[in-house]
Each structure stands twice: as C-alpha cells, then as structure tokens.
Amino acid sequence: MSSKKKDELTSFEWKVLRTTAGIPLGQTRSYKWVAKAIGKPKAVRAVGQALNKNPFAPLIPCHRVIRENGALGGYAGGAKRKKELLQLEKEIVQKLRQRP
DNA sequence: AAGTACCGTTAAA
DNA sequence: TTTAACGGTACTT
C-alpha cells in the first residue's frame with residue numbers, strides 16, 4: 001500500500017490522508033493535531049495544503065479538520081459548506097445514539 | 001491586534 | 001531551476 005516510492009502522492013500526503021480518514025464521524029480534529037500525528041507538528045500548513053489538493057476528494061473527511069483556534073479554517077468547497085457538513089454529521093451521531 | 005517565520009507541495013515564470 | 005502561494009500556528013512587536 002503505502003510504499004516509500006512515488007505513486008502519485010508523497011509519504012507526507014499519505015500520512016495526512018490516512019490520519020484524516022481515521023477521524024470518527026461527528027468528531028473534529030485540528031490541523032495541529034494531524035500534523036503532530038504524522039510526526040510533523042510544524043507542518044500544519046503543509047497538512048492543510050495536502051488536504052486542499054486532496055486526491056481522494058470527497059472521500060476523505062477533510063471537513064472534519066478544523067483550526068486549533070476553534071475556527072473552521074478553509075475548505076475547498078467553501079468554509080460554509082464545511083460548517084454545514086459538520087453540523088449534519090453531528091446530527092447523524094445524535095440519531096444513532098437515540099436508536100441503536 | 002498585527003506582522004513574521006516556518007512546513008511541504010504545486011503552479012507559474 | 002527558482003519563486004510564490006496556500007485550508008495554520010506560534011512567536012514577537
């Protein structure tokens with residue numbers, strides 16, 4: 001799977017995408033959290049960039065990654081969209097909780 | 001509060 | 001090849 005060789009993406013991207021994809025539904029993490037998880041707590045900017053160019057487009061919950069500050073940060077489809085997405089996911093979790 | 005430095009990749013010149 | 005920019009964060013003014 002994730003070889004050190006270049007397929008289309010670099011190891012950095014793989015780590016970012018993998019980590020982002022591992023975020024549970026209805027949950028959010030900060031760019032810093034992701035950056036740290038991949039071993040580059042300073043590359044928060046690079047992380048954001050990787051998500052922006054997200055090769056897995058809508059298949060990766062890049063919208064679950066927000067700012068450490070609490071702000072949503074940016075989003076390829078629009079920060080507005082991101083906000084709605086998070087809200088929707090939150091509701092889904094709520095529904096699952098009330099009727100297992 | 002505002003500006004600067006830094007991370008890693010892509011696009012442009 | 002070199003420069004600029006970006007979906008951030010922390011440090012310094």
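Bear in mind the structure is a predicted one, so any value in this text is a computation, not a measurement.
- The shortest heavy-atom contact between A:K32 and A:V44 is CA-CG1, 3.5 Å.
- Backbone-only contact: A:F12 has heavy atoms under 4.0 Å from sugar-phosphate atoms and none from a base.
- Going from atom OH of A:Y31 over to atom C1' of C:dC6 covers 11 Å, rounded to whole Å.
- Distance CD (A:E13) to C1' (C:dG7): 14 Å, rounded to an integer number of Å.
- The pair A:K53-A:E13 does not count as a salt bridge, with every side-chain nitrogen at least 4.0 angstrom from each carboxylate oxygen.
- Phosphate proximity of C:dG7 to A:R45: absent, as no side-chain N or O sits under 4.0 Å from OP1 or OP2.
- Between the side chain of A:K82 and the backbone N or O of A:G74 there is at least one donor-acceptor pair closer than 3.5 Å.
- Using a 4.0 Å heavy-atom distance criterion, A:A35 is classed as making no nucleic acid contact.
- For the pair A:I66 CD1 and C:dT9 P, the computed distance is 9 Å after rounding to whole Å.
- In this structure, A:N54 atom CG and C:dC6 atom P are separated by 19 Å, rounded to whole Å.
- Nearest to the side-chain atoms of A:V44 among the listed nucleotides C:dG7, C:dT9, B:dC7 stands C:dT9.
- In this structure, the CZ atom of A:R64 is 17 Å from the C1' atom of C:dG7, given to the nearest Å.
- The base-pairing partner of C:dG7, taking Watson-Crick or G-U wobble contacts with both distances under 3.5 Å, does not exist among the strands shown.
- Regarding A:K36, its NZ atom lies at a distance of 10 Å from the P atom of C:dA10, rounded to whole Å.
- One interatomic measurement links the two molecules: CG of A:L86 to P of C:dG7, which rounds to 17 Å at whole-angstrom precision.
- At least one side-chain nitrogen or oxygen of A:K53 sits closer than 4.0 Å to the OP1 or OP2 atom of B:dA11.
- When the C1' atom of C:dA10 is taken as reference, atom CH2 of A:W33 falls 20 Å away, rounded to whole Å.
- Across every strand in view, B:dA13 sits in a pair with C:dT1 that passes the Watson-Crick or G-U test at under 3.5 angstrom.
- Contact check, A:K42 against C:dA10: no side-chain N or O comes under 4.0 Å of OP1 or OP2.
- For the pair A:L86 and A:H63, the tightest heavy-atom approach, listed with the atom from each and the gap, is CD2-O, 3.4 Å.
- The two residues A:I38 and A:V16 make their nearest non-hydrogen contact at CD1-CG2, 3.7 Å.
- Of the candidate nucleotides C:dG7, B:dT9, B:dG8, B:dT9 has the atom lying nearest to any side-chain atom of A:T10.
- Contact annotation for A:Q49: base contact, defined as any heavy-atom pair under 4.0 Å involving a base atom.
- For the C1' atoms, the distance linking C:dG7 with B:dA1 amounts to 22 Å, nearest Å.
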